[in-house]
Asks: 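Structure incoming, see below.
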Amino acid sequence: MSAPKRVARATIARLPRYLSYLEGLDEHVRTVSSQQLADGAAVKDAIVRRDMSDLGITGTRGVGYEVADLTDHLHRKLGGGVARNVVIVGAGHLGLALANYAGFGSAGFNLVGIYDANPDLFGNQAGEARIADVANLEKDLADTPASLGIVTVPAGAAQDILDRLVSLGVKSILSFAPTTLSHADDVDVRHVDLATELQVLAYFAK
């Protein structure tokens, strides 16, 4: 495998789909073609070949890619093998559901805290953490830094929470708040608006 160049965001977004397909293969499957990867990830064959090239991954003509090597490479590209601390701000229904998501641990993520402003929730168990006062966010993250943040607060509070997380060094944030958030270019924010996604699905369900 040659040295990878800078990889586009769209390519990175497809890597979990490739990895999911590879991990679902029978253990006796040793190689996979770009067409099989394309079918498994629901993309075009040309996109797979371009993505692999961007990652510096080369297959064998007429054979394809070694499953074990490709799986390992994608794991490392997606942070596999390096524990990542995650903090959730917002302990409503969505925040609690995410805190209890069993996939955090298996994917190499450690939930180090979940925060809310409602004192009635303080101390309640949420996954591997207990709900704490959001006023303690700065103190707690100074002691136990997090590299990833998940924001599940109402729209009106989301910008303040994002700014506080960024000031603590959290530069990768997943926001479920139904609003657009301002941030510096070196901060990566992914927005997930469930209402918008449902509206799009409703359009195609006509």
Side-chain angles (χ1 to χ4, degrees), residues 1-87 98 101-111 145-151 162 165-166 169-176 180-194 196-201 203-204:
M1 295 183 182
S2 59
K5 61 183 179 181
R6 183 174 178 82
V7 181
R9 178 188 292 268
T11 297
I12 296 297
R14 286 188 288 269
L15 301 192
R17 292 157 65 182
Y18 298 144
L19 187 57
S20 178
Y21 169 74
L22 292 168
E23 292 181 332
L25 292 173
D26 185 276
E27 63 180 5
H28 299 297
V29 176
R30 303 301 182 194
T31 60
V32 62
S33 68
S34 59
Q35 185 60 61
Q36 289 172 314
L37 270 176
D39 292 342
V43 297
K44 295 180 183 291
D45 176 55
I47 291 177
V48 171
R49 286 185 275 109
R50 186 181 65 206
D51 287 347
M52 295 301 112
S53 176
D54 287 348
L55 291 169
I57 300 172
T58 56
T60 301
R61 188 175 184 83
V63 176
Y65 305 96
E66 294 288 336
V67 170
D69 289 346
L70 182 55
T71 300
D72 179 66
H73 191 89
L74 295 183
H75 263 301
R76 286 187 283 107
K77 197 66 180 179
L78 292 170
V82 178
R84 309 278 182 172
N85 286 348
V86 179
V87 61
L98 293 170
Y101 172 53
F104 272 134
S106 61
F109 299 108
N110 301 319
L111 178 62
S147 58
L148 302 170
I150 300 176
V151 177
L162 181 139
L165 288 171
V166 171
V170 181
K171 297 297 184 70
S172 297
I173 297 169
L174 179 64
S175 174
F176 288 88
T180 300
L181 301 174
S182 300
H183 56 86
D185 291 340
D186 64 341
V187 178
D188 186 17
V189 178
R190 293 184 63 85
H191 294 273
V192 180
D193 187 335
L194 297 179
T196 297
E197 296 300 328
L198 287 172
Q199 288 171 333
V200 172
L201 288 174
Y203 172 84
F204 290 106

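All values below come from the heavy atoms of this structure, side chains included, with hydrogens, waters and symmetry mates left out.
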Asks: Identify, with sequence neighbours excluded, every residue that meets salt bridge (charged side-chain N to carboxylate O under 4.0 Å, His left out) alongside Arg49.
Replies: Asp45
Asks: Specify the closest pair of heavy atoms between Ala146 and Val87, including all atoms of both residues, with the distance to one decimal.
Replies: CB-CG1, 4.0 Å
Asks: From His28 NE2 over to Arg30 CZ, what is the distance, rounded to the nearest 0.5 angstrom?
Replies: 7.5 Å
Asks: To the nearest 0.5 Å, what is the distance between CG (Leu25) and CG (Leu37)?
Replies: 8.0 Å
Asks: Would you compute the distance between atom OG1 of Thr180 and atom CG of Asp193 and round it to the nearest 0.5 angstrom?
Replies: 9.0 Å
Asks: Pairing donors with acceptors under 3.5 angstrom, does anything connect the side chains of His75 and Glu23?
Replies: yes
Asks: For Leu74 versus Leu55, what's the shortest heavy-atom pair and its separation?
Replies: CD2-CD1, 3.9 Å
Asks: Taking all non-hydrogen atoms of both residues, which atom of Leu165 and which atom of Gly149 are closest, and how far apart?
Replies: CD1-CA, 4.5 Å
Asks: Sequence neighbours excluded and cut-off under 3.5 Å, please list the side-chain donor-acceptor pairs for residues 12-22, or say none.
Replies:
unit_1: Arg14; atom_1: NE; unit_2: Asp51; atom_2: OD2; d: 2.6
unit_1: Arg14; atom_1: NH2; unit_2: Asp51; atom_2: OD1; d: 2.8
unit_1: Arg14; atom_1: NH2; unit_2: Asp51; atom_2: OD2; d: 3.4
unit_1: Arg17; atom_1: NE; unit_2: Ala41; atom_2: O; d: 3.1
unit_1: Arg17; atom_1: NH2; unit_2: Ala41; atom_2: O; d: 2.5
unit_1: Arg17; atom_1: NH2; unit_2: Ala42; atom_2: O; d: 3.4
unit_1: Tyr18; atom_1: OH; unit_2: Asp51; atom_2: OD2; d: 2.6

Asks: Taking the side chain as every heavy atom from C-beta outward, state whether Arg50 and Thr11 have any pair of such atoms under 4.5 Å apart.
Replies: no
Asks: What's the spacing between Thr58 OG1 and Glu66 CD if we round to 0.5 Å?
Replies: 11.0 Å
Asks: To the closest 0.5 Å, what do you measure between CG (Leu148) and CG (Asn110)?
Replies: 10.5 Å
Asks: State the OG-NZ distance between Ser147 and Lys171, to the nearest 0.5 angstrom.
Replies: 12.0 Å
Asks: I need the minimum non-hydrogen distance between Ile173 and Val151, along with the two atoms involved.
Replies: CG2-CG2, 3.8 Å
Asks: Measure across Val189 and Ser175 and return the closest heavy-atom pair with its distance rounded to 0.1 Å.
Replies: CG1-CB, 4.4 Å
Asks: Considering all heavy atoms of both residues, which atom of Leu181 and which atom of His183 are nearest to each other, and what is their separation?
Replies: O-CD2, 3.4 Å
Asks: Determine whether more than 12 heavy atoms belonging to other residues, nucleotides or ligands lie under 6.0 Å from atom CG of Asp185.
Replies: no
